[in-house]
K.L.:
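Please see the structure below; I have some questions.
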Amino acid sequence: MNRELSRRTLLHKAGLGLIAVGATSISTIIKPASTFAQAKEPPMPPTKRLGWAIVGLGKFATEQIIPSFAECKSSKLVAFVSGDKAKAEKYALSYGVNPKNIYNYQNYDSIRNNPEIDVIYIILPNGLHAEYTIRGLQAGKHLMCEKPMANTVQECQAMIDAAKKATRKLMIAYRAQYEPFNLAAIKYARSGQLGKLKLVTSDHGRNLDPKDPADRWRMNKKLAGGGSLYDIGIYSLQAARYITGEEPIEINAMIYSTPGDARFREVEENVNFGLRFPGGTLANCSCSYGHSDVKRFQVFGSDATLELDPATDYYRHRLIIKRKSGMEEPQIQEQNQFALEIDHFSQSIMENKQPKTPGEEGLQDVRLMNLIYEAARTGSTIKV
Ligand code: NDP
């Protein structure tokens, strides 16, 4: 049976309670939609919303982030920073951004004189995150920066210090931590509904395409910081950390890059890493730049297994709980995770609260990813 069709059929039959699915006839319980219902807040009037400047008009910015402002309730798009003036003008026209609010990388610092801009969002190649974050903070603006936070722990620390010095807020754009299916998975895992957590597995992979301009800088160590680990393995690492709610105390790892593959002259292709958490949960994680798409995690508890696949896509997530008694697919409403994430930061600024994913969260991942490299290089298990 076609997967989408079978899924729709299941959802359609939700009101009927127990139904049999698949060749194994496992009974399936569909929970009511209200299980994870979200409160519906009306949007703020545009004059009250915080003004955001987007730095770097690449694939992710133009295809996901910029369109998502239409679904924001406390944030509005007011400025662009780009090395390509014609592209910035085109997007300004499409999204109603005043052309006087278009900047380039040379006059970026003069953003300090523009009171319409409250927040800067850095969506540049990883190796440029630290410089543009620090310059943005020094211009007196609040700062959201894409993952991975920066190439090195030292750069991450300098970004945190710059935010403190400027008394401005710094958030790392970990969208999965604002996404409803991931939040539901965290709730299941941490509330004991799966029993005692034994193992988390998480895999993130895709085939790097040298013809795609967005993938070209990803093959360059200086601009990318690392390979599949820095780009997508970070999602596996994040999943293990936010599902357990703990920090790993031991790490082991293996790396393999296909010999002679020109894509992997400077950055790695495949990484497998293992984590041990203080509460006794283990994690097996992988990431790859060499195989077909995967973005999933599984949580094995003593009573039940949770599967989220895809877990970290932009939409169409699927969460399943498997128990001895059968399989559940809770109905969770898809929402625009980017809009939720952007509004979270605006709200944190308005209410003067620490955002859920501050600079320290980004630093911790960069620190752990460097220990994963070290564990692979030395072939030893590293105590964190
Ligand atoms: P792109 O290459 O598509 O975009 C990067 C943009 O940065 C370019 O279009 C360009 O914009 C600007 N830029 C400035 N200097 C350089 C340079 N030397 N080389 C290349 N680009 C430059 O990359 P992505 O949009 O895929 O990724 C950007 C960031 O977003 C990365 O940090 C990545 O990790 C993150 N990302 C996060 C995702 C998520 O789900 N959270 C998903 C995808 C990416 P311009 O022409 O306007 O100057």
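Residues take their numbers from the sequence shown, with the count starting at 1. Just follow the structure's listing: the first ligand is 1, and inside any ligand the first atom is 1. Basis for what follows: all heavy atoms, side chains included, without hydrogens, waters or symmetry-related copies.
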K.L.:
Minimum heavy-atom separation for Arg49 to Asp118, with atom names?
P.N.:
O-OD2, 4.5 Å
K.L.:
Nearest to atom 10 (C) of ligand 1, what protein heavy atom do you find, and at what distance?
P.N.:
Tyr105 OH, 4.1 Å
K.L.:
With heavy-atom distances below 4.0 Å as the criterion, list the atoms of ligand 1 near Leu128.
P.N.:
15 (N), 16 (C)
K.L.:
Could you work out, for atom 34 (O) of ligand 1, the closest of Lys59, Lys147, Met149 by heavy-atom distance?
P.N.:
Lys147
K.L.:
Would you compute the distance between atom CD of Gln177 and atom CG of Leu340 and round it to the nearest 0.5 angstrom?
P.N.:
13.5 Å
K.L.:
Minimum distance, heavy atoms only, to atom 13 (N) of ligand 1: which one of Gly56, Pro125, Gly225 is it?
P.N.:
Pro125
K.L.:
Could you list the atoms of ligand 1 found under 4.0 angstrom from a heavy atom of Ser82?
P.N.:
45 (P), 46 (O), 47 (O), 48 (O)
K.L.:
With no hydrogens and no angle check, just 3.5 Å: does a side-chain donor-acceptor pair link Gln337 and Tyr314?
P.N.:
no
K.L.:
Can you find a side-chain donor-acceptor pair between Ser288 and Asn270 that sits under 3.5 Å?
P.N.:
yes
K.L.:
Taking distance alone, with N or O pairs closer than 3.5 Å, would you say Ala173 contacts ligand 1?
P.N.:
no
K.L.:
Can you tell me how far CG of Leu124 sits from CG of Leu223, rounded to the nearest 0.5 angstrom?
P.N.:
10.0 Å
K.L.:
How close do Glu328 and Tyr188 get, heavy atom to heavy atom, and via which atoms?
P.N.:
OE1-OH, 4.1 Å
K.L.:
With nothing but distance in play, are any N or O atoms of Phe60 less than 3.5 Å from an N or O of ligand 1?
P.N.:
yes
K.L.:
What atoms in ligand 1 come closer than 4.0 Å to a heavy atom of Asn126?
P.N.:
31 (C), 32 (O), 33 (C), 34 (O)
K.L.:
Is the Lys NZ or Arg CZ of Lys87 less than 6.0 Å from the centre of Phe80's six-membered ring, within 45° of the axis?
P.N.:
no
K.L.:
Around atom 28 (C) of ligand 1, find the nearest protein heavy atom and jot down its residue, atom name and distance.
P.N.:
Ile123 O, 3.4 Å
K.L.:
Closer than 4.0 Å to some heavy atom of His129 - which atoms of ligand 1 meet that?
P.N.:
32 (O)
K.L.:
Give yes or no for whether the N/O distance cutoff of 3.5 Å, strictly under, is met between Gly83 and ligand 1.
P.N.:
yes
K.L.:
For ligand 1 and Asp84, I'd like to know whether there is a polar contact (N/O to N/O, distance under 3.5 Å).
P.N.:
no
K.L.:
On a heavy-atom basis, which atom in Ser82 and which in Leu57 lie closest, and how many Å separate them?
P.N.:
CB-CD1, 3.8 Å
K.L.:
Can you name the atoms of ligand 1, numbered from 1 with element, that are less than 4.0 Å from a heavy atom of Tyr235?
P.N.:
38 (C), 39 (C), 40 (O), 41 (N)
K.L.:
From Leu197 CG over to Leu282 CG, what is the distance, rounded to the nearest 0.5 angstrom?
P.N.:
11.0 Å
K.L.:
Under 3.5 Å, N or O to N or O, is Phe338 touching ligand 1 that way?
P.N.:
no
K.L.:
Starting from atom 46 (O) of ligand 1, find the nearest protein heavy-atom neighbour and note its residue, name and distance.
P.N.:
Lys87 NZ, 2.8 Å
K.L.:
Kindly state whether the ring of Phe69 and the ring of Tyr95 have centres lying under 6.0 angstrom apart.
P.N.:
no
K.L.:
Write out the residue and atom name of the closest protein heavy atom to atom 11 (O) of ligand 1, then the distance separating them to 0.1 Å.
P.N.:
Leu57 N, 3.3 Å
K.L.:
Show the nearest heavy-atom pair for residues His129 and Ile122, with the distance to one decimal.
P.N.:
CD2-CG2, 3.9 Å
K.L.:
Regarding Lys169 and the six-membered ring of Phe345, is the cationic atom NZ or CZ under 6.0 Å from the ring centre and inside 45° of its axis?
P.N.:
no
K.L.:
Out of curiosity, Leu237 CG to Met369 CE, how far, rounded to the nearest 0.5 Å?
P.N.:
7.0 Å
K.L.:
Tell me: protein heavy atom nearest atom 1 (P) of ligand 1, and distance?
P.N.:
Trp217 NE1, 3.7 Å
K.L.:
Which residue and non-hydrogen atom of the protein lie closest to atom 29 (C) of ligand 1, and at what distance in Å?
P.N.:
Leu124 O, 3.4 Å
K.L.:
Starting from atom 40 (O) of ligand 1, which protein heavy atom do you reach first, and at what distance in Å?
P.N.:
Arg175 NE, 2.6 Å
K.L.:
When you measure from atom 9 (O) of ligand 1 to every protein heavy atom, which one gives the shortest distance, and what is it?
P.N.:
Gly58 CA, 3.1 Å
K.L.:
Residue-level breakdown please: for Arg218 versus ligand 1, do any non-hydrogen atoms fall below 4.0 Å on the side chain, on the backbone, on both, or on neither?
P.N.:
side chain
K.L.:
Does some non-hydrogen atom of Tyr314 fall short of 4.0 Å from ligand 1?
P.N.:
yes
